Amino acid sequence: MSASVRTILDEAVQRYERTAFIADDPISVPHAFDDPLDREIIGLYAALLAWGRRATILNKLADLCERMQYRPGAFVRDFKPERDAHRLAGFKHRTFQPADAVWLTKALSLVLHRHGSLNQLFLAHHRSDAEDVQAGLEGFSNELLTIVPETPARVKKHVARPSTKSACKRLNMYLRWMVRPGPVDFEQWTGVHLRQLVLPLDVHSGTQARQLGLLTRKQNDWRAAA
């Protein structure tokens with residue numbers, strides 16, 4: 001890495017790696033909770049729904065928190081569709097529909113009963129000596145998509161997997177929230193090394209990375225992210 005590129009990146013760290021950044025970002029939603037289970041649960045919803053205008057995302061997540069009675073961990077853990085699905089009726093964000101919210105919540109509930117936390121779900125598929133988080137992400141997403149056998153195929157577009165060549169931008173962002181130290185991130189998850197994290201890659205970050213000479217691959221896929 002050239003000295004000029006390092007200077008640009010160091011300046012970006014100074015601009016964004018501070019508490020003032022939190023308020024207008026989706027990460028502000030898990031920051032509103034002290035309980036680790038609340039944080040990792042609503043953090044996953046926040047990451048998966050983090051596309052579009054920030055103001056809209058934050059409004060949608062505020063609505064979701066209210067529907068969960070501001071106890072996302074308990075709401076998901078104790079979720080019974082026949083009793084609680086009505087609380088998610090009408091919730092949608094772009095292509096994420098009320099049915100997707102119900103199926104995802106049902107899957108997460110079963111995951112919590114099986115593993116105890118999303119951290120433990122991830123570690124069930126991740127090795128501490130792995131090059132990066134690819135296998136952990138693949139297993140994490142596959143288990144979420146298959147733990148309820150009747151889960152409709154449409155839910156797959158909201159839970160990315162490296163095997164589909166997706167860069168898994170939002171899930172990689174979620175891992176950074178959970179693993180990296182503060183003040184912005186939570187340093188909450190164990191068993192994942194900082195060196196294993198993968199940069200969240202999309203059209204915008206890919207364009208900037210190519211301009212800086214950090215990325216040469218043209219596609220914004222998993223290979224480029226890795």
Side-chain angles (χ1 to χ4, degrees), residues 1-31 40 43-44 46-55 57-58 94 118-119 122-123 125-142 156-226:
M1 182 186 300
S2 68
S4 60
V5 171
R6 181 176 293 278
T7 297
I8 291 171
L9 296 177
D10 285 344
E11 289 174 351
V13 170
Q14 295 301 315
R15 188 179 314 126
Y16 296 114
E17 190 69 11
R18 55 196 181 96
T19 54
F21 170 80
I22 295 170
D24 296 323
D25 189 80
I27 201 173
S28 65
V29 178
H31 264 286
E40 71 166 9
L44 180 62
L48 295 181
L49 296 175
W51 51 309
R53 295 179 62 251
R54 284 190 181 186
I57 297 166
L58 292 176
R94 302 183 71 116
L118 299 188
N119 187 184
F122 189 83
L123 293 181
H125 304 280
H126 174 73
R127 296 198 331 267
S128 60
D129 61 347
E131 180 72 18
D132 56 30
V133 294
Q134 179 176 357
L137 276 181
E138 187 73 21
F140 182 91
S141 293
N142 278 334
K156 291 180 179 180
K157 65 182 176 182
H158 302 299
V159 184
R161 290 154 293 151
S163 63
T164 66
K165 300 183 180 180
S166 171
C168 301
K169 172 201 169 182
R170 287 186 284 276
L171 285 176
N172 278 317
M173 180 176 69
Y174 174 65
L175 287 179
R176 291 165 79 81
W177 289 357
M178 292 294 109
V179 174
R180 294 198 306 175
V184 176
D185 303 304
F186 297 110
E187 198 175 13
Q188 178 173 309
W189 277 16
T190 61
V192 183
H193 299 295
L194 293 175
R195 60 174 171 77
Q196 294 175 311
L197 296 174
V198 174
L199 286 164
L201 174 65
D202 63 6
V203 172
H204 306 294
S205 60
T207 297
Q208 293 185 30
R210 293 180 185 95
Q211 289 174 349
L212 293 173
L214 297 174
L215 180 64
T216 57
R217 184 170 173 79
K218 295 180 179 179
Q219 298 91 332
N220 292 317
D221 56 9
W222 179 261
R223 283 182 60 192

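Scope of the values below: all heavy atoms of this structure, side chains included, with no hydrogens, waters or symmetry mates. None of the values given here were measured: they were computed from a predicted structure.
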Of Asp221, Val198, Leu137, the residue whose pairing with Pro162 passes side-chain contact (heavy atoms from CB on, under 4.5 Å): Leu137
The single option from Asn119, Val133, Asp132 passing side-chain contact (heavy atoms from CB on, under 4.5 Å) against His126: Val133
Any side-chain heavy atom of [X] within less than 4.5 Å of one from [Y]?
{"X": "Arg223", "Y": "Lys165", "answer": "no"}
{"X": "Val184", "Y": "Thr19", "answer": "no"}
{"X": "Val192", "Y": "Phe122", "answer": "yes"}
{"X": "Arg210", "Y": "Asn220", "answer": "yes"}
{"X": "Pro183", "Y": "Glu17", "answer": "yes"}
{"X": "Ile27", "Y": "His31", "answer": "yes"}
{"X": "Leu199", "Y": "Asn172", "answer": "no"}
{"X": "Leu9", "Y": "Leu212", "answer": "yes"}

Over 12 non-hydrogen atoms of neighbours within 6.0 angstrom of CZ in Arg195: yes
More than 12 heavy atoms of other groups within 6.0 Å of Phe21 CZ: yes
With no hydrogens and no angle check, do the side chains of [X] and [Y] hold a donor and an acceptor under 3.5 Å apart?
{"X": "Trp177", "Y": "Gln188", "result": "no"}
{"X": "Thr164", "Y": "Ser166", "result": "no"}
{"X": "Asn142", "Y": "Glu138", "result": "yes"}

Could you report the tightest heavy-atom contact between [X] and [Y], atom names first, then the distance?
{"X": "Cys168", "Y": "Arg161", "answer": "SG-C, 3.6 Å"}
{"X": "Pro30", "Y": "Ala46", "answer": "CD-CB, 4.4 Å"}
{"X": "Leu58", "Y": "Ala23", "answer": "CD1-O, 4.1 Å"}
{"X": "Val203", "Y": "Thr207", "answer": "O-OG1, 2.8 Å"}
{"X": "Leu201", "Y": "Ala224", "answer": "CD2-CB, 3.6 Å"}

Can you tell me how far [atom2] of [Y] sits from [atom1] of [X], rounded to the nearest 0.5 angstrom?
{"X": "Leu49", "Y": "Arg94", "atom1": "CG", "atom2": "CZ", "value": "11.0 Å"}
{"X": "Met173", "Y": "Leu197", "atom1": "CE", "atom2": "CG", "value": "13.5 Å"}
{"X": "Leu175", "Y": "Arg180", "atom1": "CG", "atom2": "CZ", "value": "11.0 Å"}

Pair Asp202 + Lys169, salt bridge at N-O below 4.0 Å: yes
Ion pair Asp25/Arg54, N-O distance below 4.0 Å: yes
Test item: Gln196 side-chain N/O and Arg127 main-chain N/O as donor-acceptor pair under 3.5 Å: yes
Whether Ser205 side chain and Pro200 backbone form a donor-acceptor pair below 3.5 Å: yes
Step-by-step side-chain contact (heavy atoms from CB on, under 4.5 Å) determination, Leu171 to Leu48: CA-CA 7 Å; Leu171 285 176; Leu48 295 181; 4.0 Å; yes
Geometric class of the Tyr174/Trp189 ring pair [parallel <30°, tilted 30-60°, perpendicular >60°]: perpendicular
Asp185 vs Val179, side-chain contact (heavy atoms from CB on, under 4.5 Å): CA-CA, chis, key distance, verdict: CA-CA 7 Å; Asp185 303 304; Val179 174; over 6 Å; no
